Asks: 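For reference, the structure I am asking about is given below.
Each chain gets a letter, A, B and so on, in the order its sequence line appears, and its residues count up from 1. Remember, predicted model here, so these are calculated numbers, not experimental data.
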Amino acid sequence: MLEITKAGPLATVQDQGRFGSRHLGVGRAGAMDGLALAVANCLAGNPPDAPGLEITLPPAGFLLHRDGMLALAGADCAATLDGMPVWPGWRTPFRAGQRLALQAPRNGMRAYLALDGGIDVPKLMESASTDLMAGFGGWQGRALRDGDRLPLGEPRLSKPRLGVWLPQPGNRIRIRPGPEYARLPAPDRERLWNHPWQLTARSNRMGYRLAGPTLRLEQPMEMPSHGALPGLIQLPPDGQPIMLMADAQATGGYPRLAMVLAADLWQLGQARLGSHLHFLLASREDEVRAEQELRRYLRRIERLCDEN
Amino acid sequence: MPSDSPSSPLIHWLGGQALTLELPPPATLHLQRGIWRLAEQLQGHADLREIIPGMNNLTLEFHPGTNPAGWPARLRRLWRQVDALAETSREVEIPVRYGGASGPDLETVARRCGLDPADVISRHAASRYTVFFMGFLPGFAYLGGMDPALAMPRRDTPRPCVPAGSVAIGGDQTAVYPAASPGGWHIIGRSDMRLFDPARQPPCPLRPGDRVRFIPMELG
């Protein structure tokens, strides 16, 4: 069992997301930095899509009620186990009665905690992710609170210590032009590429609201509602783009400026409020290559963890 | 398809892993039936991770690792061949408590439409609605077919939290909020019917193409 002694502002149970139900209005949810959760899971001896904890802007504290192994990835939160440092990207054994503490991250936004056996919550609609909008999945459909006690899966055989290299998130985000991109006048297209975009405080797991130069289509347009996906960059009438994230609504109606490469979404999960993002134009070839690189990296980690 | 389709659909990429088939306006129930039918035919295809019908459009998301290059041509061909979904015989009745604490905006809607609250209720309950598509929230059905006399713009400021079950009017559409959420529509009543339960199969009692009627409950 994993007891939450200090939940912090927003900690949830997440896996790699809920797919195949968007036509019912059900969103993806899932880890904002899915790469970090996958790596932490592999280190802890779990499949990459096992349920773990997403801990947003700790401090946070946990009391462990059995022996096992844990791994942290994502934002570096100067974690300690009974006062001894726990490095992100390392497999760390723990004993019943030990306390894990995470401090405010120096950079990055979200830390991921995986424990061997995974968090043992039922899958709903094929995923254990918490859907905060609809209030189901994860642990009682909500963010964790102090005192929550989460069941863990069966512990695995103890394994040797192992550390892996974690990629560092950047703020240069690759995007592909969307269906309404061509309706931006040329100077506004330049602005999209050449100006930094600030991540405002009105951002959350549903969407990031960006602040920068005002962009306007040549003609304002009213669009019928259409399917929306995480990574879609919309342009509402106020001219400030919104980037849809993991908890994005299933359908939307704003013009579609661009789409973030799926392989870059994890980096956005670590972008901090107030920080700046830069957009880079990507080709279809760039997109395929980025996807392959990401998968190659994950396969390498999986192999390493299997062998050790 | 749809023999009366005036022009061929547009296909837009959303990055390289999703695309949207869009029909030129206007949206009609006939075209919408073609969209539902196409979505149904594509159900279970190994390339597809999400199939999302919208208003006059259909979005497909592909599994990572698939090569979707052939899909625009395939979609155009499928669209030409699709038959409109036969009118479904399914009719779902949704009991509603109109007005009072359950419908705090009923009086406002009535005033702005130049009607009595009782007229708003009888007009709202008299129509047979069609589920055009699901979106926004799990189980949220966009219902077309409302009496045009009841159409009114959304609230200037959305409420931060609308209770689950709220029956509301926004523009020329009506809907029931399946869960508590922020909302900019006008609330005229409330229903206890559960519109989304992730533990049930299927999780939503409503699906596109269903006919919906609201049944006013007697106060007492």
Asks: How many angstroms lie between CE in A:Met133 and CZ in B:Phe140, if you round to the nearest 0.5 Å?
Replies: 10.5 Å
Asks: Can you tell me which portion of A:Phe136 sits under 4.5 Å from chain B's heavy atoms? Options are side chain, backbone, both or neither.
Replies: side chain
Asks: Within a 6.0 Å radius of atom OH on A:Tyr254, are there more than 12 heavy atoms belonging to other residues, nucleotides or ligands?
Replies: no
Asks: With chain A as the partner, which of B:Met55, B:Gln201, B:Glu50 has the greatest number of non-hydrogen pairs under 4.5 Å?
Replies: B:Glu50
Asks: Flag yes if more than 12 heavy atoms outside A:Arg142 fall under 6.0 Å of its CZ atom; otherwise flag no.
Replies: yes
Asks: Can you tell me how far apart CE (A:Met259) and CG (B:Leu14) are? Round to the nearest 0.5 Å.
Replies: 5.5 Å
Asks: Check each atom of A:Arg284 against the heavy atoms of chain B and say whether the ones under 4.5 Å are side chain, backbone, both or neither.
Replies: side chain
Asks: Mind checking the CG-CD spacing from B:Leu137 to A:Gln249? Nearest 0.5 Å is all I need.
Replies: 9.5 Å
Asks: Is the backbone N or O of A:Ser225 less than 3.5 Å from a side-chain atom of B:Asn57, with the two atoms forming a donor-acceptor pair by type?
Replies: yes
Asks: Check A:Val26 against B:Pro138 and note the closest heavy-atom contact, atom names and distance.
Replies: CG2-CB, 3.6 Å
Asks: Could B:Glu61 and A:Arg28 be called an ion pair, given the rule that one side-chain N must be under 4.0 Å from one carboxylate O?
Replies: yes
Asks: Please classify the contact of A:Leu24 with chain B as side chain, backbone, both or neither, using a heavy-atom distance under 4.5 Å.
Replies: both
Asks: Indicate every side-chain donor-acceptor pair of residues 161-180 of chain B with a distance under 3.5 Å to a residue at least two apart or in another chain.
Replies:
{"unit_1": "B:Ser166", "atom_1": "OG", "unit_2": "B:Pro163", "atom_2": "O", "d": "2.7"}
{"unit_1": "B:Thr174", "atom_1": "OG1", "unit_2": "B:His124", "atom_2": "NE2", "d": "2.9"}
{"unit_1": "B:Thr174", "atom_1": "OG1", "unit_2": "B:Ala168", "atom_2": "O", "d": "2.8"}

Asks: Compare every heavy atom of A:Ala250 with every heavy atom of B:Gly135, then report the nearest pair and how far apart it is.
Replies: CA-CB, 4.4 Å
Asks: Any salt bridge between B:Arg49 and A:Glu126, counting N to O under 4.0 Å?
Replies: no
Asks: Please classify the contact of B:Ser181 with chain A as side chain, backbone, both or neither, using a heavy-atom distance under 4.5 Å.
Replies: neither
Asks: Roughly how far, to the nearest 0.5 Å, is CG of B:Asn56 from NE2 of A:His226?
Replies: 12.0 Å
Asks: Heavy-atom distances under 4.5 Å only: say whether B:Phe196 touches chain A with side chain, backbone, both or neither.
Replies: side chain
Asks: Check whether more than 12 heavy atoms from other residues, nucleotides or ligands sit under 6.0 Å from atom CZ of A:Arg202, and answer yes or no.
Replies: no
Asks: For A:Arg174, which atoms come within 4.5 Å of any heavy atom of chain B: side chain, backbone, both, or neither?
Replies: neither
Asks: Test side-chain contact (heavy atoms from CB on, under 4.5 Å) on B:Thr59 and A:Thr251; report intermediate values, then the result.
Replies: CA-CA 10 Å; B:Thr59 298; A:Thr251 56; over 6 Å; no
Asks: Shortest non-hydrogen contact from A:Met125 to B:Pro203?
Replies: CE-CG, 3.3 Å
Asks: Out of A:Met223, A:Gln292, A:Glu291, A:Arg256, which one racks up the most heavy-atom pairs below 4.5 Å with chain B?
Replies: A:Arg256
